Each structure stands twice: as structure tokens, then as C-alpha cells.
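Input: a single structure, listed below in C-alpha cells.
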Amino acid sequence: MTLDILYQDEFLVAVNKPAGLLVHRTYLAKGEEDAVVQRLRDQTGQWVFPVHRLDRGTSGVLVMAFSPEIARGLAEQFSQSQTDKTYHCLVRGFSPEEGKINYPLAKLNEQKGRARFKISGTEKEAETFFKRLHRYQLPIPVSRYPEMRLSLLEVTPKQGRKHQIRRHFKHLLNPLVGDTCYGCRHINKALRAEWQEELRLMLHASSLSFAHPVDGHRLTIQAAFPDTLQDVLNKITPYQID
């Protein structure tokens, strides 16, 4: 139950968040007691304060502060796009080799029990840069197609809008594998049936760079792929075509 601590000093701590774990308790998941905040408090013996967030299904670098003042300073860097973030994700289809998705994102109404919809007039600028690393062609039928095509991408979002990467690649028609909100149900269903196991959201926060809030030196923190993601990549590697 202990978290993998990637960096720690007297002001902040960074962990490799597992997929499936909440950052903090929320009314959207009533009754869920387990979260990064609670685990880190018990693990470090100190109160911790969230600086940014990762979706529950996303793994990777997550930073917490040991005081509200440090948390505010770090959060300001995120809100002003002064951090450098690198993600890796697996998407449906053969994506372009590289590109930039420039597509404003609106807030979403997410009342429990109601269909999700955009709130008109809340659109904000959102840019996501990406580079394709590998393509795969699996002998698994999907819907009316005889084979499954996938791409592994390195992604750099300029902002940190809610679900930015997931929504942007849905807009590009290359939704993320394992995404139950914005993904392709045919891909997800076919892979679950083929492997006879659950399929995680294939999104990982691999690297985060920011200025230390006290002395200003640049910190770059990296998180290795967890087993849950690496196992999927190992399964599809024999079908890599470039």
C-alpha cells in the first residue's frame, strides 16, 4: 500500500501514482476512502496538500506540498503553464507522425446520474503537442475491421485542462485505449475479450519539470512505466510495424 516516492525534501514530495487511485477524496466517489493524500500522510507522517491532479485512471508523476504556501506557489506554475509535462499514451488507429491539437475545451457538467455535457461559454484555450513513437497492427477483429490498429504516442500538453489529453485525442479520432469516458468501446471490448482481463486507461505521466518553489532551481522528475502499462505494451510489441 506504500507509494513509490520519486523525490522528497522538506517542502514537497513527488510520487509515481498508481492507476486506479484517487488523488484525494471527492463527492464523485462517495465511500471511497483510499487516496494519495491519505496514503502519503500516513507514509511521511506529515500533512500533504495537492498541487495538481491526475485522473484516477492515469498513473505517473504527482507532486504534493507539505504546506499550503508551497502548494499555492507550485499551483501557480501549473496555472500559468510554466511546467513541462510529458505523457505517454496508447491510442486507436494510426495517428499522424506528429502534430499539435489546438482545440478549446469547455467545462463539463458531471452531475452524478446525468449525461455529461459541455457548459456553453466556458471554453478555454488548450494545445497538445504529440509525436508518434510506434505503430501496431494486431490480428484482432474490431467491429467490421479484420485487424486492430494502435499507436503509442509521446504527448506534451501546454495547459492542464480537465481530461485535456483524453478529449483532444477523441477530437482527433484517435481516442485512448482503455478510456471508458471518451474511448472506443469496440477496441476496449475486443482487448478485454482477447486477454481475459481488465484494461486500464493507457495514459501515464512520465515526466514533470518545474522550478523549485523555494530556491528556483529546475527539478525534473521522471516515473517509469508501471507493470499494468508495461504488460500491455509487452503484449502488443510482437505486432509493432515501426
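Counting begins at 1 with the first residue of the sequence. The figures that follow rest on heavy atoms only: side chains count, while hydrogens, waters and symmetry mates do not. This is a predicted model, so every value here is computed, not measured.
Using a distance-only test at 3.5 Å, with no hydrogens or angles considered, a donor-acceptor pair links the side chain of Arg167 to the main chain of Ala106. Distance alone, capped at 3.5 Å, is enough to place a donor-acceptor pair between the Lys17 side chain and the Thr58 backbone. Using modelled atom types, no side-chain atom of Thr83 and backbone atom of Phe210 make a donor-acceptor pair closer than 3.5 Å. Using a distance-only test at 3.5 Å, with no hydrogens or angles considered, no donor-acceptor pair links the side chain of Gln222 to the main chain of Ser206. Side-chain atoms of Gln80 never come within 3.5 Å of backbone atoms of Gln82 as a donor-acceptor pair (strictly under, hydrogens ignored).
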Query raised in the report: Yes or no on salt bridge (charged side-chain N to carboxylate O under 4.0 Å, His left out) for Glu197 and Lys235, after CA distance, side-chain angles and deciding distance?
Result: CA-CA 13 Å; Glu197 61 186 43; Lys235 286 184 174 75; 3.4 Å; yes
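Asn234 and Gln230 share a donor-acceptor pair across their side chains, judged by distance under 3.5 Å alone.
A salt bridge links Lys100 with Glu127: the closest approach of a Lys/Arg side-chain nitrogen to an acidic carboxylate oxygen falls below 4.0 angstrom. Using a cutoff of 4.0 Å between basic side-chain nitrogens and carboxylate oxygens, Arg218 and Asp84 are scored as salt-bridged.
In this structure, CZ on Arg149 lies 11.5 Å from CD1 on Ile187, to the nearest 0.5 angstrom.
Ring pair Phe225/His204 is perpendicular by interplanar angle, where above 60° counts as perpendicular and below 30° as parallel. Below 30°, between 30° and 60°, or above 60°: for His52 and Phe78 the angle between ring planes is below 30°, a parallel geometry. Using a 30° and 60° split on the angle between ring planes, His217 and His212 fall in the parallel class, below 30°.
Using a 4.5 Å heavy-atom cutoff, the side chains of Cys184 and Arg92 are in contact. Looking only at side-chain heavy atoms (C-beta outward), Asn174 and Ser151 stay at 4.5 Å or farther from each other. At a threshold of 4.5 Å between non-hydrogen side-chain atoms, the residues Trp47 and Met64 do not count as touching.
Contact between Pro213 and Leu74 at its shortest, heavy atoms only, is CD-CD2, 3.8 Å.
The side chain to side chain donor-acceptor pair (under 3.5 Å) search around Glu98 returns none, not counting sequence neighbours.
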